[in-house]
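A quick write-up on the structure given underneath.
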Number of protein chains: 2
Amino acid sequence: MRDDPDFDVEDFLPYLLNQAAEASSLEFQRVYNDRYGMLRNEWRVLFHLGIYGRMTASDIGARAQMHKTKISRAVQRLAERRYLIRQRDETDRRVEHLELTPTGQKVYADLRNVARDYNDALVEGLADADVARLRSVLRALAKRRG
Amino acid sequence: MRDDPDFDVEDFLPYLLNQAAEASSLEFQRVYNDRYGMLRNEWRVLFHLGIYGRMTASDIGARAQMHKTKISRAVQRLAERRYLIRQRDETDRRVEHLELTPTGQKVYADLRNVARDYNDALVEGLADADVARLRSVLRALAKRRG
DNA sequence: ATGTAATAGTTGTCTTTGTAACCAATAGGC
DNA sequence: GCCTATTGGTTACAAAGACAACTATTACAT
């Protein structure tokens with residue numbers, strides 16, 4: 001195996017991605033936390049339901065790459081706050097359908113707008129083509145299963 | 001405020017970055033975990049000491065954007081395993097200098113090589129120019145303080 | 001139909017993190 | 001010098017996460 005002392009952490013993509021991800025989500029995290037006392041997982045679940053409408057915990061898990069226990073707990077807290085309602089599927093009683101309440105939808109709409117503005121600010125100064133390329137690379141990396 | 005139902009999570013950069021970061025570090029995480037029982041923070045500290053040599057906890061914190069408690073605990077565990085030694089600064093006795101032991105350096109060299117290979121695999125199929133651009137965008141995003 | 005496996009979701013336990021409070025030592029103002 | 005503020009680092013406790021084990025229900029093979 002070649003031995004390469006010149007390889008720096010700062011070149012290491014997972015590290016760079018992590019730093020970028022953390023720094024770029026900090027500010028937004030404060031918004032959903034301060035305004036609605038939500039945690040990241042709760043925000044994620046809310047967002048998915050807001051965009052895709054009625055869906056099950058498993059659906060969210062598959063889309064968001066979130067473990068089912070995280071979803072279970074996030075759903076619990078969102079239900080307590082009356083941001084969503086749970087409905088048993090009557091043909092398969094293991095399944096629970098989740099849907100935002102009107103309150104939940106208001107919260108979602110608010111946060112979605114903040115997210116959009118925040119996103120605009122993040123990519124400000126970058127060419128559209130570069131942003132598109134960035135997104136596609138990130139999607140490719142995200143798809144890669146460890 | 002404009003109301004934009006078309007804005008999707010999948011367009012949201014912090015989300016994409018997180019997904020990419022998580023997916024792309026999974027495999028590597030397993031390596032340092034399985035081989036050396038190390039956690040991410042420990043790996044980060046080890047890596048910094050490996051690359052930059054003797055430095056203090058604060059130095060690492062400043063470079064890696066890591067909170068001092070994370071560093072404190074990581075250093076503790078690395079010291080227990082004799083991967084590093086701590087030396088009080090005699091002119092300012094608050095400060096502690098950290099340095100890898102020969103064992104620590106071996107571990108570092110091993111993981112650095114794995115990281116390099118892993119990184120190569122990650123960017124495989126991407127043009128060098130694209131990778132360079134990606135890095136620079138990520139660095140810019142990481143610098144942004146929330 | 002009946003026993004085994006699979007699936008949806010929850011709970012329990014242990015580990016890891018976050019935050020704030022805390023020492024100890026130095027720096028700075030007066 | 002002396003009092004207060006700052007800095008480097010650790011510790012304590014609560015919150016969040018990982019992971020396996022669990023319940024309930026359905027699917028599937030024979």
Side-chain angles (χ1 to χ4, degrees), chain A residues 18-19 21-23 25-27 29-30 32-34 36-45 48-49 54-81 84-99 146, chain B residues 18-19 21-23 25-27 29-30 32-34 36-45 48-49 54-81 84-99 146:
Chain A
N18 236 299
Q19 299 282 71
E22 235 155 79
S25 56
L26 252 179
E27 226 174 300
Q29 213 161 321
R30 265 201 294 275
Y32 58 70
N33 200 305
D34 292 355
Y36 304 106
M38 284 171 58
L39 303 171
R40 193 170 52 167
N41 290 332
E42 291 158 36
W43 170 71
R44 282 192 181 175
V45 167
H48 276 81
L49 290 173
R54 184 179 147 103
M55 62 198 300
T56 71
S58 301
D59 295 340
I60 298 175
R63 270 202 192 270
Q65 302 285 142
M66 273 171 82
H67 191 85
K68 56 187 182 173
T69 61
K70 283 186 184 176
I71 296 173
S72 174
R73 284 169 173 139
V75 166
Q76 235 168 320
R77 296 198 36 171
L78 291 171
E80 281 165 17
R81 285 157 203 259
L84 61 77
I85 50 166
R86 333 165 71 144
Q87 301 167 261
R88 275 269 160 245
D89 183 314
E90 285 308 326
T91 79
D92 183 345
R93 305 189 34 72
R94 289 170 303 185
V95 175
E96 213 171 40
H97 297 279
L98 307 170
E99 199 164 7
Chain B
N18 235 299
Q19 300 282 70
E22 235 156 77
S25 56
L26 252 178
E27 227 174 298
Q29 214 161 321
R30 264 201 295 277
Y32 58 67
N33 200 305
D34 292 355
Y36 304 106
M38 284 171 57
L39 303 170
R40 193 171 50 168
N41 291 332
E42 291 158 36
W43 170 70
R44 282 193 181 173
V45 167
H48 276 81
L49 290 173
R54 182 179 149 103
M55 63 199 300
T56 72
S58 301
D59 294 341
I60 298 175
R63 268 202 192 269
Q65 302 284 143
M66 273 171 83
H67 190 86
K68 56 187 183 172
T69 60
K70 283 187 184 177
I71 297 173
S72 173
R73 295 197 252 244
V75 166
Q76 234 169 321
R77 297 198 35 171
L78 291 171
E80 280 165 18
R81 285 155 204 260
L84 61 77
I85 49 168
R86 333 165 72 145
Q87 301 168 261
R88 275 268 160 245
D89 183 314
E90 286 307 325
T91 79
D92 182 345
R93 304 189 35 73
R94 289 171 302 185
V95 175
E96 211 171 42
H97 297 278
L98 307 169
E99 199 164 7

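Within every chain, numbering begins at 1; the chains are lettered A, B, ... in the order of the sequence lines, protein sequences first and strands thereafter.
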Distance check: side-chain N/O of A:Gln76 vs OP1/OP2 of C:dG9, anything under 4.0 Å? no
Determine whether A:His48 and A:Asp59 make a side-chain contact, defined as any pair of heavy atoms from C-beta on separated by less than 4.5 Å. no
State, yes or no, whether a side-chain contact exists between A:Met66 and A:Val45 at a heavy-atom distance under 4.5 Å. yes
Pick base, sugar-phosphate or nothing for B:Ile71, based on heavy-atom distances below 4.0 Å to the nucleic acid. nothing
Looking at every strand, decide which applies to A:Thr56 at a 4.0 Å heavy-atom threshold: base, sugar-phosphate, or nothing. sugar-phosphate
Write down the distance between CD (B:Glu90) and P (D:dG8), rounded to a whole number of angstrom. 17 Å
Residue met sooner reading DNA chain D from 5', once B:Thr69 and A:His67 are mapped to nucleotides: B:Thr69
When rounded to whole Å, the CZ to P distance for the pair B:Arg40 and C:dT16 reads 13 Å
Nearest listed nucleotide, side chain of A:Arg94, among C:dT17, D:dT11, D:dA27: D:dA27
Quick one: B:Glu80 CD to D:dT10 P, roughly how many Å, whole number? 12 Å
Interatomic distance where CG belongs to A:Asp89 and P belongs to D:dT26 [whole Å]: 9 Å
Does B:Asn41 put a side-chain nitrogen or oxygen below 4.0 Å from OP1 or OP2 of C:dT17? yes
Kindly point out which of D:dC19, D:dA16, D:dT10 is positioned nearest to the side chain of A:Leu39? D:dA16
Contact class for B:Arg77 (heavy atom, under 4.0 Å): base, sugar-phosphate, or nothing? sugar-phosphate
Please report, rounded to the nearest Å, how far the P atom of D:dA12 is from the NZ atom of B:Lys68. 16 Å
Residue pair A:Arg86, A:Gln76: steps toward the side-chain contact (heavy atoms from CB on, under 4.5 Å) verdict: CA-CA 10 Å; A:Arg86 333 165 71 144; A:Gln76 235 168 320; 4.2 Å; yes
Considering only residues two or more places apart or on different chains, which pairs with a residue in residues 61-75 of chain B satisfy salt bridge (Lys or Arg N to Asp or Glu O under 4.0 Å)? none
Round to the nearest Å and state the distance from B:Met66 atom CE to D:dG8 atom C1'. 16 Å
Going by modelled atom types, is there a donor-acceptor pair between the base of D:dG9 and the side chain of B:Arg73 at under 3.5 Å? no
Touch check for A:Arg86, heavy atoms < 4.0 angstrom, all strands: base, sugar-phosphate only, or nothing? sugar-phosphate
Closest-nucleotide 5' rank along DNA chain C - winner of A:Asp92 and B:Asp92: A:Asp92
So if I apply the side chain to side chain contact (heavy atoms under 4.5 Å, CB included) rule between B:Asn18 and each of A:Arg44, A:Gln65, A:Glu22, which one comes out positive? A:Arg44
Between CG of B:Asn33 and P of C:dT15 the distance, given in whole Å, is 14 Å
B:Glu96 has its side chain closest, among D:dC19, C:dT19, D:dG9, to D:dG9
Establish, with yes or no, whether the OP1 or OP2 oxygen of C:dG9 is under 4.0 angstrom from a side-chain nitrogen or oxygen of A:Ser58. yes
Separation of C:dG9 atom P from A:Lys70 atom NZ, nearest Å, is 17 Å
A:Leu49 and A:Leu78, any side-chain heavy atoms less than 4.5 Å apart: no
Looking at D:dT25, does its base get a donor-acceptor pair with the side chain of A:Arg93 below 3.5 Å? no
